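Hydrogens, waters and symmetry mates are skipped; everything else that's a heavy atom, side chains included, is used. Just follow the structure's listing: the first ligand is 1, and inside any ligand the first atom is 1. Quick note: residue numbers are just sequence positions, from 1. Values in this document were obtained by computation on a predicted structure and should not be read as measured data.
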Amino acid sequence: MGKDAHPGLSCPEGLTRRDFLRAAGRLALATGAGATLLPRWAWAVEPRRPNILVILADDLGYADTGFQGCKDIPTPNIDSIAAGGVRFTDGYVSCPICAPTRAGLLTGRYQQRFGFEHNPGPESHAAKNFGLPRSEKIISERLKALGYATGMVGKWHVGYRPELTPPERGFDEFFGFLSGANNYLPAAFRGQRNTILRGMEPVEEREYLTDAFGREAAAFIDKNRERPFFLYLAFNAVHSPLEASPRLRERFAGIKDPKRQTYATMLGAMDDAVGKALGKLREHKLEEDTIIFFLSDNGGPTPQTTSRNDPLRGYKGQVYEGGIRIPFAMQWKGHVPAGKKADRPLISLDIVPTVLAASGATPTAEDKLDGVNLLPFLKGEVEKAPHDRLFWRMGEQHAARVGDWKLVCRRGQPPELYNLAEDIGEKVDLAARNPGKLKELQAAYDEWNARNMPAQWVRQDGLTARGAGTDAERFDRLDRDGDGLLTPEELPRPRLFKRLDRDGDGLISPQEAEAFAGKGEEP
Ligand code: CA
């Protein structure tokens with residue numbers, strides 16, 4: 001946090017700036033009525049801390065929004081965030097799947113630092129030690145300590161145990177569900193996996209789930225408009241299962257492919273819900289007081305949902321660009337330029353440090369954040385890229401981006417090297433022609449990886465409960481090229497293949513394998 005963000009700030013005698021802000025936060029909490037009751041002297045020195053709205057989409061591909069070039073499914077509300085702020089062309093998440101990305105986003109640290117490397121699988125099959133450890137401070141806990149009203153709406157997916165649920169992790173309010181996926185139609189909100197919770201109490205929800213999340217987000221903003229708030233709006237849209245919004249069938253009647261049409265209604269519903277939240281900010285004239293981030297948690301699983309990652313190679317589950325580079329935009333009207341495109345690499349881990357800087361909390365070296373404060377870069381105060389190197393690791397695949405160069409390593413395959421400036425689609429492997437560059441990236445990766453923990457759990461679910469090893473390991477063994485999908489060559493049992501391949505696209509996804517085992521969807 002630079003001094004310049006709060007000109008004229010001077011702390012009362014004997015207090016460090018940090019102590020002062022903490023005291024102000026505690027006072028706000030103690031009054032129970034929020035920051036509006038802070039003493040006059042506090043406001044004299046401290047401008048209002050900005051509200052924070054983090055909107056996370058699920059399994060939304062790089063080309064799935066209007067601002068990223070999607071033509072057949074309009075997303076005007078989501079696009080307005082990019083138009084009113086900055087679009088990040090080279091915005092990444094820290095994992096190509098759901099839960100680890102969320103652990104990184106909420107902490108501002110590469111999740112491998114604390115062993116959060118894999119999805120848990122459904123609650124009934126999750127490893128006992130699964131979850132975001134309490135020793136890692138998360139964004140809601142940090143902002144609550146500053147006096148923010150904190151709310152979460154949507155999919156949690158970083159802990160099932162009671163002490164790891166949103167109400168125990170700094171969220172005053174929680175409406176959503178704990179697992180990695182859910183149905184959208186109210187008739188299906190039953191059973192352990194699908195229960196919708198308010199606080200931790202099951203509720204009877206009657207709306208299409210994405211509509212309900214929009215309603216709850218708007219209500220939270222309404223209720224907390226007078227004080228700084230943090231809202232983490234984590235849609236499960238547009239993750240499978242493909243369940244159309246009945247309300248939007250008509251809007252997308254022109255899309256002939258039924259799967260695409262269903263997907264369009266899911267995305268349209270999310271855009272409407274985003275519009276509800278943004279509308280509340282406009283209604284209460286809070287746009288200049290609110291930092292908004294919009295991003296997806298991983299690339300699109302195209303074969304399952306029709307999500308699109310073009311021009312990128314690969315899908316959700318892979319460390320090719322299509323798995324990790326996502327639609328990403330940020331808006332802070334009056335503070336960050338509008339309608340700008342930022343094309344330097346940055347990552348979801350940057351959200352926490354950026355938010356902390358804007359809200360007046362200075363991270364210490366002890367926090368060991370891997371992300372950086374983006375504000376100086378976005379305001380043009382700093383010329384260089386926020387990151388000169390970024391890294392990914394998930395099981396037996398890993399990747400590194402150093403400048404324009406990208407290293408991709410997949411289990412059992414020789415390392416691949418691409419130049420993204422010339423070859424965004426990772427089509428031409430330059431490893432053999434550039435052994436020096438390859439070595440440089442491998443060394444950078446090794447250096448980064450030396451500070452990571454081993455994965456603290458593996459998925460406990462997958463193909464079938466029988467057989468050697470975990471089911472996920474069986475899937476991975478069959479998946480010889482490590483692309484997260486099984487081809488007929490990899491599973492040369494035609495009758496079994498046909499039964500597993502529910503959507504008949506000639507590939508078996510982990511979700512389809514999971515469904516076959518009767519355990520629900522693996523996010
Ligand atoms: Ca996801």
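Under the rule for a salt bridge (Lys or Arg N to Asp or Glu O under 4.0 Å), the partners of Glu216 that lie at least two apart in sequence or sit in another chain are Arg198.
At a cut-off of 3.0 Å, Cys98 is counted among the residues with an N, O or S atom near the Ca ion (ligand 1). Coordination check, Asn298 versus the Ca ion (ligand 1): passed, since an N/O/S atom of the residue sits under 3.0 Å.
Under the salt bridge (Lys or Arg N to Asp or Glu O under 4.0 Å) test applied with Glu321, the options Lys406, Lys427, Lys316 reduce to a single match, Lys406.
Between Arg109 and Glu136 there is a salt bridge, with a side-chain nitrogen of the basic residue lying less than 4.0 Å from a carboxylate oxygen of the acidic one. A salt bridge between Asp72 and Arg260 is present, with a side-chain N of the basic residue lying under 4.0 Å from a carboxylate O of the acidic one.
Asp297 contributes OD2 and Asp59 contributes OD1; the angle these two atoms make at the Ca ion (ligand 1) is 150°, rounded to 10°.
Distances from the Ca ion (ligand 1) to the N/O/S atoms of Asp58 are shortest for OD1.
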